[in-house]
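For reference, the structure discussed in these notes is given below.
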2 protein chains.
Amino acid sequence: MATIQEVAKYAGVSVGSVSRYLNGHKLRPDNTKKIEEAIHALDYKENFFAKGLKSNETHSIGLLMNNMQSNFSASLVARIDDVLEKEGYTILLSNYRDDPNRIEQKIAFFKSRAVDGLIIVGAEQSWPQLECLKNCDIPVISIITPLDYSQTDSIIVDNRASTEKVISRMLSLSHERIGVIVAPQTDYVARERFLGILDAFETQNKLLSESNIYYGDYSKDSGKRGMAYLLSQEVSAVFVCNYNMSLGALQTIHEKQLVIGKDISFASYDYFDASDIFYPKLTVIKQPIKEIGTLAVERLLEKIRNKNQLQGQIFTLKNDVLWRDSIIKNPTKSE
Amino acid sequence: MATIQEVAKYAGVSVGSVSRYLNGHKLRPDNTKKIEEAIHALDYKENFFAKGLKSNETHSIGLLMNNMQSNFSASLVARIDDVLEKEGYTILLSNYRDDPNRIEQKIAFFKSRAVDGLIIVGAEQSWPQLECLKNCDIPVISIITPLDYSQTDSIIVDNRASTEKVISRMLSLSHERIGVIVAPQTDYVARERFLGILDAFETQNKLLSESNIYYGDYSKDSGKRGMAYLLSQEVSAVFVCNYNMSLGALQTIHEKQLVIGKDISFASYDYFDASDIFYPKLTVIKQPIKEIGTLAVERLLEKIRNKNQLQGQIFTLKNDVLWRDSIIKNPTKSE
DNA sequence: CTGTTAGCGCGTTCAG
DNA sequence: CTGAACGCGCTAACAG
C-alpha cells in the first residue's frame, strides 16, 4: 500500500502538499497534476487507521437489533444500509436478542470500535443496563421504543392509534366477542397496543371481557395456544399483537380447518410476506419501515455533524393499516 | 480517554511494561498490580486506531449479502453474528442486491475499512466484477455459490441432490404431470436445482414435458403467473425452485380455492416461517443455515490466522427435506 | 524482567 | 502557496 510519503516523493512535492490536495485545498496546478499522476500510478489509498487516529472518526455506525427473524428487522436493516451507503457510512451490525446484558456489552464493544453513532432497536427504558446511554459521547437513536435520555432521539410508531382503528372496525362490524392475543405488558409496545384495544372498546362503550384476552409471550407457540383458547371462548374475531404469535394463531386456525373471512375474522400487527398469499389476504398493521430507517439515519448523521449537541426528540410515525377481507361483518348478527 | 502513557505514569512504570501487560506477557507481580490499579483508576480503554495502525487488523469482517428479504438471509446474518461475537469479531454488513457493480464497489469499500476477511453470499463466478478477488490480500469465503479463485473457500449445499429427492418422491407417488417453476438458468443455483429435477425424471425413466416447465424470474409475481399457467396444464403436483416464487405460487393456489394436499401436491425450495402454518404443512427443502454460518466463520478465522495461505476448498453441506403432507399420492391414479 | 525509543500513516502546525 | 517536523496511541526491537 502506497503511503502519502511515497506519493509525495513520486510527485516531487512534500507530504504536506499531498495531504492538502487530498483534503480539497487548492494548490498550484502543476503540483496538483503531478500529485494526481502519482496517486494514480501508485494506486494510493488512504489509510483508515492513520486517518482515524487523527480524526477519531470511522464513518461507521453501530446497529443493535433486538432480533433478526422478522420481516420488520430484515427490511429495516436493508433500508438503513441503503441510506447510509449513500453517505459513505457503513453498518456494524449486532443482535442482542432481547437480552439487556448483551445490549450493554455490545454498546461498549461498538464504542471500542469507535463507531460514530448508534441505532438501537427495541430497547426498554426500564433496563438498568442502558444507564451507559445517559452521558453517551456519541449520538444515539432509539427505534420502536422511546428512550428518555437528554441527547437521545426516539423514532416510534402510533401503536396505540393503529391498533384502536382495527379493533374499532371489528366492533363496528358487530363483533361482540373479540379475542385478543397480547404480549407481556412489561414491554412498551405491548402496553401501547393493548391500550389501543381498550381505547376502541371504550369509545364504543363496549366491554372487553377478561376471558377474551390471552397473554402470550411473543412465541409462535403461545400464539397457537392462545388461538385455541380463544376459539373455545367462541370469539368471532381475533386480533394478534405481534408477528410470531400471529403465525401460531394462523396455524391453529388452519389446523381446525376454519376459513378466515368466513368462519372467523382475523387481523394482526406487523406485515409479513405471507400475509398476502392467503385468500382472502390478511388485514395487518404495517409499520412504515422505510420512513423509520430513513429518518433514523438522517437524524443520526445530523447529530454526528453537530457533535451530538442536538436535544433529544421523539418522532412518531403513522402505521398503515392494510384492510383486507379477513375481517367481515359478524355473520351471526343480522341488521 | 486515557492513554497507555498516562497509565504508565500513574503506575510508575514504562509504557513498554503497560503494553506488555496488555498483551498478556508476564511481568513482576508488583508491577502487574500497579498497572491494573492504574487502568482501573483511569478507566483506560485501548485505542482502536493506534492498535490498527500497527497491526493492520480491525477484528471485523465484511458480510456482503445478495438480498436481505428472506428467512435464509436473516437467519444467516444472525448466525454469523453469533459465532463471530464469541471470537471478538464484528460484522460490517452490506447488501449488494444482486447487482455485480455494487458488489465490486462494496468489496473495495470494505477493503478500505480494513476488514480482516470477507464473506460473500450468492455471487456468480461469471461476473467480471469479481476479478478483484483473484489476488485478494484478505481471506474470502463464498456462500451459496462456488467461486473458483485459488484462495477462496466456497460453502454450498447439495441443491441438485435434494431437489432430485423431492421430485423423485412425487414421481413415486404416481404424479405424471409434475409442474416446475424454475429460476433463470444464468445462475448457478437455478441450474443445479433444475438439474436435480431432470435427474429424478431420468432415473425413473420418465419424461418432463417442456410444457410443464415455467421459467420465472425469482419474483413473487412470476411465481403467481407460473402457477396459473401450470394449473392450466393440469398438473397434479408442483415444485417451486425458490422462496419468492413459491409465495406467488401459493397465492394463486389459494385464490383458486384449491386445497394443497388434496387438490394438488406442492413442495418448494427454502424453508420459511409460514411453511408451518398451513394445514397440512408444506414440504420444503431446508438449507442448513446454522451449519453454513458456523463453517463460514470458522474457515474465515482460520484463514485470517494463517494469513490467507490456505488453499481454497469447496464444502458441500446437505439440505434437509421436511416431508409433510403437502405431497400426496396422485388421487387420479389407483393401484 | 524493564525502560527507551523508533516508527506505523496521516493531519497540522509552523516557518519560509 | 509550500515544505519540514511533530504528534496521535501503540507495538516491537533493543539495550540495560
Side-chain angles (χ1 to χ4, degrees), chain A residues 1-60 88 111-116 137 307, chain B residues 1-60 88 111-116 137-138 305 307:
Chain A
M1 277 294 120
T3 73
I4 207 173
Q5 340 268 347
E6 297 175 272
V7 172
K9 188 187 288 176
Y10 188 99
V13 299
S14 75
V15 291
S17 295
V18 180
S19 171
R20 277 186 289 272
Y21 167 81
L22 291 171
N23 291 292
H25 298 223
K26 267 214 114 33
L27 30 82
R28 267 211 317 266
D30 56 326
N31 276 347
T32 303
K33 188 142 181 290
K34 282 190 288 185
I35 291 172
E36 280 169 354
E37 283 169 8
I39 286 178
H40 188 73
L42 270 41
D43 190 30
Y44 166 80
K45 300 266 178 2
E46 69 175 25
N47 181 295
F48 173 70
F49 301 109
K51 197 144 192 187
L53 199 50
K54 294 298 272 188
S55 69
N56 224 14
E57 284 175 4
T58 50
H59 280 236
S60 59
K111 279 189 180 177
S112 80
R113 305 303 258 244
V115 296
D116 297 342
D137 44 350
K307 303 196 193 303
Chain B
M1 277 295 120
T3 73
I4 207 173
Q5 339 269 347
E6 297 176 271
V7 172
K9 187 188 287 175
Y10 187 101
V13 298
S14 73
V15 291
S17 294
V18 178
S19 172
R20 278 186 289 268
Y21 167 81
L22 292 170
N23 291 291
H25 296 224
K26 267 217 113 36
L27 29 83
R28 267 211 318 266
D30 55 328
N31 277 347
T32 303
K33 188 141 178 289
K34 283 191 287 187
I35 291 172
E36 280 170 352
E37 282 168 9
I39 287 178
H40 188 73
L42 271 41
D43 190 32
Y44 167 81
K45 300 265 175 11
E46 68 175 27
N47 182 294
F48 173 70
F49 300 110
K51 198 149 191 182
L53 198 51
K54 289 299 273 187
S55 69
N56 226 10
E57 284 176 3
T58 50
H59 280 235
S60 59
K111 280 188 178 177
S112 80
R113 305 303 257 242
V115 296
D116 297 343
D137 45 349
I138 56 172
R305 294 194 193 99
K307 303 198 192 306

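Because only heavy atoms are used, hydrogens play no part in the values below, and waters and symmetry mates are left out as well, while side chains stay in. Since we're looking at a predicted model, the values are computed, not measured.
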| task | Return the value, rounded to whole Å, for the distance between atom CG of A:L22 and atom C1' of C:dC10. | result | 10 Å

| field | Flag, side chain of B:D116 to backbone of B:E57, donor-acceptor distance under 3.5 Å | value | no

| said: Regarding A:E46, tell me which of base, sugar-phosphate or nothing describes its non-hydrogen contacts under 4.0 Å with the strands shown. | reply: sugar-phosphate

| Checking all strands, does B:Y44 fall into the base, sugar-phosphate, or nothing category for heavy-atom contacts under 4.0 angstrom? | sugar-phosphate

| note | All heavy atoms of A:A2 vs all of A:Y44, minimum pair found to be O-CD1, 3.3 Å

| query | Contact class for A:K54 (heavy atom, under 4.0 Å): base, sugar-phosphate, or nothing? | reply | base

| request: May I ask you to say what A:Y21 touches in the nucleic acid, namely base, sugar-phosphate or nothing, with a heavy-atom cut-off under 4.0 Å? | output: nothing

| task | Kindly indicate whether the side chain of A:V18, heavy atoms from C-beta on, has any atom under 4.5 Å from the side chain of A:Q5. | result | no

| said: How many whole angstroms separate atom CZ of B:F49 from atom C1' of C:dG9? | reply: 13 Å

| message | Strictly distance-based, threshold 3.5 Å: is any side-chain N or O of A:S17 a donor or acceptor partner for the main-chain N or O of A:V13? | response | no

| Checking all strands, does A:L53 fall into the base, sugar-phosphate, or nothing category for heavy-atom contacts under 4.0 angstrom? | base

| remark: The correct set of residues in residues 6-19 of chain B placing a heavy atom under 4.0 Å from DNA chain C is B:V13, B:S14, B:V15, B:G16, B:S17

| field | Closest non-hydrogen atom pair between B:A114 and B:T58, with its separation | value | O-OG1, 2.7 Å

| Which nucleotide of DNA chain D is the first, and which the last, in the 5' to 3' direction, to come under 4.0 Å of a heavy atom belonging to chain B? | D:dG9 to D:dA13

| Pairwise 5' ranking along DNA chain C for A:S55 and B:D30, keeping only the more 5' one | B:D30

| task | Take the C1' atoms of the five end pairs on each side of the helix from C:dC1-D:dG16 to C:dG16-D:dC1, get both axes, and report the angle to 10 degrees. | result | 50°

| said: In whole Å, I'd like the distance from the NE2 atom of B:H25 to the C1' atom of C:dG3. | reply: 15 Å

| request: Give a yes/no on whether any side-chain N or O of B:N31 is located under 4.0 angstrom from OP1 or OP2 of C:dT2. | output: yes

| task | In whole angstrom, give the distance that lies between atom CD of A:Q5 and atom P of C:dG7. | result | 12 Å

| What is the distance from atom CD of A:E37 to atom CG of A:L42, rounded to the nearest 0.5 Å? | 12.0 Å

| said: Can a donor-acceptor pair be found, under 3.5 Å and without considering hydrogens, that links the side chain of B:E6 to the backbone of B:T3? | reply: yes

| Just how far is it from atom OG of A:S60 to atom CZ of B:R113, taken to the nearest 0.5 Å? | 5.5 Å

| request: In whole angstrom, give the distance that lies between atom NZ of A:K45 and atom P of C:dC8. | output: 20 Å

| query | Heavy atoms under 4.0 Å, any strand shown: does B:N23 hit a base, just sugar-phosphate, or nothing? | reply | sugar-phosphate

| Rounded to the nearest 0.5 Å, how far apart are CG of A:L53 and NZ of B:K51? | 14.0 Å

| query | Any chance NZ of B:K9 has more than 12 other-residue heavy atoms, nucleotides or ligands included, within less than 6.0 Å? | reply | no

| task | Start with the C-alpha gap between B:Y21 and B:E36, add the side-chain angles, then the distance that decides, and say whether side chain to side chain donor-acceptor pair (under 3.5 Å) holds. | result | CA-CA 9 Å; B:Y21 167 81; B:E36 280 170 352; 3.0 Å; yes

| message | Could you tell me if the side chain of A:L22 sits less than 4.5 Å from the side chain of A:I39, heavy atoms only? | response | yes

